[in-house]
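Here the structure is laid out as structure tokens; the discussion comes afterwards.
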Amino acid sequence: MLDAMAELSLILKLYRLPMRQHWFKILLFVIGVSLFSMCMRLYFNLTLLDLPIQYLIFILFLRIGMKIKLHLSAFIAGTGIIAYILLQIGIFAVGRMVVDAGPGLLMENSGTFVHAIQLISDLLVLAIALFMYKTYRGFSFIIWPPHDFFKKEDYFSYQNAPVVIGSILSLVTVSLTFILLYTSNVTGFIIMTLITFGVSYYCSRRKDYDDVRAAIEEYRNTHQKR
């Protein structure tokens, strides 16, 4: 549950989206996705499918539970999950300097070292999310939900193309995560996640910049007419 709460907090605060107004939905979601993950890993032995399906569940929650448009839900969920994974890998790398542990531990579900990595990762991510909230940091191009779903979206437009590209990259990366870790290709995994997060970060910065530029142009045009 702490894992899911940390990921969702990072997703929402990276994009300055509300949490307090949806606390009950978030609580139910955290409980549900935690039970799902536990069943996938411990009872069905489907660890390889756990994260990709979790990614889809996060998207559905953002779309249905928080009323955020689908392509934006996919984009921010992917960016947040990839960022969380990178932080966790960083903490794992530091932990290996203290404890003699091989990369195979990334596929384990239990053990003192695994639980310690998870706990430290979750607390660090929650602290980052709180810091972003208190200091008004994060990307602001996504308007607060509920969104207008009657407006037709052109997913290949200049405004939406970066978001769609980032979403596809995130889906591919999340889908391949456990396959790369299962084959102990940690280096390839880190390179892929860094590239994906870099693209998502760039797209987010570009969207923020485009929104600011559009607002300035609208303000300028309004005053010129006057």
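Any value given below was found using the heavy atoms of this structure, including those in side chains, with hydrogens, waters and symmetry copies removed. Residue numbers run from 1 in the order of the sequence given.
- Residues Met1 and Met38 are members of one and the same hydrophobic cluster, defined by side-chain heavy-atom contacts under 4.5 angstrom among Ile, Leu, Val, Met, Phe, Trp and Tyr.
- A donor-acceptor pair shorter than 3.5 Å can be found between the side chains of Arg205 and Tyr201.
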Exercise. Walk me through it: do Lys207 and Ile142 pass the test side chain to side chain contact (heavy atoms under 4.5 Å, CB included)?
Key: CA-CA 9 Å; Lys207 286 286 291 178; Ile142 299 177; over 6 Å; no

Quiz prompt | Residues Leu2, Leu126; criterion side chain to side chain contact (heavy atoms under 4.5 Å, CB included); working and verdict | solution = CA-CA 9 Å; Leu2 190 62; Leu126 286 170; 3.7 Å; yes

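- The side-chain heavy atoms of Lys67 and His22, taken from C-beta on, include no pair separated by under 4.5 Å.
- Under a 4.5 Å side-chain heavy-atom criterion applied to ILVMFWY residues, the cluster that includes Leu60 comprises Ile64 as well.
- Contact of the Gln54 side chain with the Ile81 side chain is not registered, since no non-hydrogen atoms from C-beta on lie closer than 4.5 Å.
- Of all non-hydrogen atoms in Leu70 and Arg63, the two that sit nearest each other are N-CD, 4.0 Å.
- Here the straight-line distance linking atom CD1 of Ile76 with atom NZ of Lys13 works out to 11.0 Å at 0.5 Å rounding.
- Taking NZ of Lys69 as the reference point, atom CG of Asp148 lies at 6.0 Å (rounded to 0.5 Å).
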Exercise. Under the side chain to side chain contact (heavy atoms under 4.5 Å, CB included) rule, what do Val174 and Ile82 come out as? Steps first, then yes or no, please.
Key: CA-CA 7 Å; Val174 168; Ile82 294 298; 4.0 Å; yes

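- The line from OG of Ser167 to OH of Tyr55 is 5.0 Å long, rounded to the nearest 0.5 Å.
- The side-chain heavy atoms of Thr79 and Leu14, taken from C-beta on, include a pair separated by under 4.5 Å.
- When Leu123, Leu124, Ile117 are each tested for a side-chain contact (heavy atoms from CB on, under 4.5 Å) with Ser121, only one passes: Ile117.
- For the atom pair CG of Asn45 and CE of Met40, the computed distance is 10.0 Å after rounding to the nearest 0.5 Å.
- Taking 4.5 Å as the limit, some side-chain heavy atom of Leu8 sits within range of a side-chain heavy atom of Phe61.
- Clustering ILVMFWY residues whenever any of their side-chain heavy atoms sit less than 4.5 angstrom apart, transitively, puts Met132 in the very cluster that holds Ile26.
- You'll find the side chain of Phe29 stays beyond 4.5 Å of the side chain of Lys25, heavy atoms only.
- Transitive grouping of hydrophobic side chains (ILVMFWY, heavy atoms separated by less than 4.5 Å) keeps Leu169 and Phe197 in distinct clusters.
- Using a 4.5 Å cut-off between side-chain heavy atoms of Ile, Leu, Val, Met, Phe, Trp and Tyr, with links allowed through other members, Leu130 and Leu119 fall into different hydrophobic clusters.
- Using a 4.5 Å cut-off on side-chain heavy atoms (C-beta onward), Leu72 and His147 make contact.
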Quiz item: Could you walk me through whether Ser170 and Phe75 pass the side chain to side chain contact (heavy atoms under 4.5 Å, CB included) check?
Solution: CA-CA 8 Å; Ser170 295; Phe75 179 73; 5.9 Å; no

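- Atom CD1 of Ile68 sits about 6.5 Å away from atom CG of Leu12, to the nearest 0.5 Å.
- Using cut-offs of 30° and 60° for the angle between ring planes, the Phe139 and Tyr15 rings count as tilted.
- Proximity of the aromatic rings of Tyr209 and Phe141 is defined here by a centroid distance below 6.0 angstrom, and this criterion is not met.
- Using a 4.5 Å heavy-atom cutoff, the side chains of Leu17 and Pro145 are in contact.
- Identified under the side chain to side chain donor-acceptor pair (under 3.5 Å) test for residues 129-144, with sequence neighbours left out: Thr135-Arg137.
- Between atom OG1 of residue Thr173 and atom CD1 of residue Ile85 there is a gap of 8.5 Å, rounded to the nearest 0.5 Å.
- Listed for the Ser34 side chain is a donor-acceptor partner under 3.5 Å among the backbone atoms of Val30.
- Val33 approaches Ala4 most closely through the heavy-atom pair CG1-CB, 3.4 Å.
- In this structure, Tyr84 and Asp122 have side chains that are in contact, with non-hydrogen atoms separated by less than 4.5 Å.
- No continuous path of hydrophobic side-chain contacts links Ile143 to Met66 [ILVMFWY only; heavy atoms under 4.5 Å].
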